[in-house]
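To keep things clear, I will list the structure first and then write my remarks on it.
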Amino acid sequence: PLELAAHLGRLQRVGIHQDYEELRREQPPGTFHHSQAVYNQDRNRYGDVLCLDQTRVKLKPRRNQRSDYINASFMDGYKHKHAYIGTQGPLERTYADFWRMVWEQNVLVVVMTTRTEEGSRRKCGQYWPLEDGGQEVYGLIAVVNQRVDRHPHYNHTTLGLHNTETCEQRQVSHFQFLSWPDYGVPSSAVSLIDFLSAVKQQQQTLRGLGHWSGPPLGPPMVVHCSAGIGRTGTFCALDICLAQLQDVGSLNVHQTVKRMRTQRAFSIQTPEQYYFCHTAILEHAQRHGLLPANH
Ligand code: PTR
Ligand code: PTR
């Protein structure tokens, strides 16, 4: 906590813009060949938001499938390799790929931090059945909306997945946060942190119940917004920093974001989002008595 205070002090001195610019100036440490390949172009929502070859999630090879590409990257969490898959908001032509990835990676929780439309602009496809009882088939995977729980800042939807090839069934929790415009920050840190807690608790519950038999920390959580870099990066950075704070009583936002950008390139898009990571943690730390009161 004191380190956080020191860090905030430094931010006030050198300025948030400069600190963030330092991060931005670093070149991504890898290549973007698969994202840029001509035959994959229509699988990117934004031509300028590419994913690194070194950390990209590959779809399992299948007959008649010409590409293993999806705009999605593995990202490490706090002491947790591949804690997240950061990805773009699915496009209609990539719904089937998205659900295949969820299935293949044994995902239990999908976190969505955007609305499908903001203003009058499309930010993300409607890639799951919206209504309670609704059902859709996306390529290999049939998805049923089993129930929707509405909370003030988010919806929690329980989705039943059915693999039409193997006839296996699974359950996935879909969490959509509703008050976060792109390039912006949430209206309240408390609401986002409450959302984060609900997400984590559910991931833990499902891991305990389900089919997961891999490493104890469990399968990756899918996190997406529209491009999968700004809000997705902010959400994951917050999760990592809070976990570290809880574990060892200190944290380093700069380092966390720097490392994240080596895995999901361009994570965190604005100085405001970067600053929000700091103030949200501070607010959380104060609420839980983790900081001396005068900070
Ligand atoms: N070229 C796009 C644009 O600016 O419209 C890329 C972009 C879109 C980048 C959204 C980031 C965005 O935010 P987020 O990653 O939070 O969806
Ligand atoms: N359209 C986005 C934007 O202009 O903000 C996409 C984008 C931005 C992509 C920046 C990459 C960027 O590189 P960096 O974050 O390293 O400056």
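Not measured: the values here are computed from a predicted model. By convention here, the first residue in the shown sequence is residue 1. Indexing begins at 1, ligand by ligand and atom by atom, following the structure's order.
Here is the list of ligand 1 atoms found below 4.0 Å of a heavy atom in Gly230: 14 (P), 15 (O), 16 (O). Residue Cys225 has at least one heavy-atom neighbour below 4.0 Å for each of these atoms of ligand 1: 14 (P), 15 (O), 16 (O), 17 (O). The distance from ligand 1 to the heavy atoms of Ser226 drops below 4.0 Å at these ligand atoms: 17 (O). Of all atoms in ligand 1, numbered sequentially from 1 with element shown, those under 4.0 Å from a heavy atom of Arg231 are 14 (P), 16 (O), 17 (O). The atoms of ligand 1 that sit less than 4.0 Å from any heavy atom of Asp48 are 1 (N), 2 (C), 6 (C).
The residue among Ala227, Cys124, Gly47 with a heavy atom at the shortest distance from atom 17 (O) of ligand 1 is Ala227.
No side-chain donor-acceptor contact under 3.5 Å links Ser250 and Gln244.
When Phe235, Tyr127, Tyr84, Trp128 are each tested for a ring-ring contact (aromatic ring centres under 6.0 Å, His included) with His224, only one passes: Tyr127.
Contact annotation for Val49 and ligand 1: only side-chain heavy atoms (C-beta onward) come within less than 4.0 Å of the ligand. With a heavy-atom cut-off of 4.0 Å, Ile229 touches ligand 1 through backbone and side chain alike.
Side-chain atoms of Tyr46 and Ser226, non-hydrogen and from C-beta on, do get closer than 4.5 Å to each other.
Among residues at least two apart or in separate chains, salt bridge (Lys or Arg N to Asp or Glu O under 4.0 Å) pairs with a member in residues 233-247 are Lys79-Asp247, Lys200-Asp239.
In summary, the aromatic rings of Tyr69 and His34 are positioned with their centroids too far apart to meet the 6.0 Å limit.
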Let me check something: any side-chain donor-acceptor pairs from residues 151-162 under 3.5 Å, sequence neighbours excluded? List them with distances.
| residue | atom | partner | partner atom | Å |
| --- | --- | --- | --- | --- |
| His153 | ND1 | Ser179 | OG | 3.1 |
| His156 | NE2 | Ser173 | OG | 2.9 |

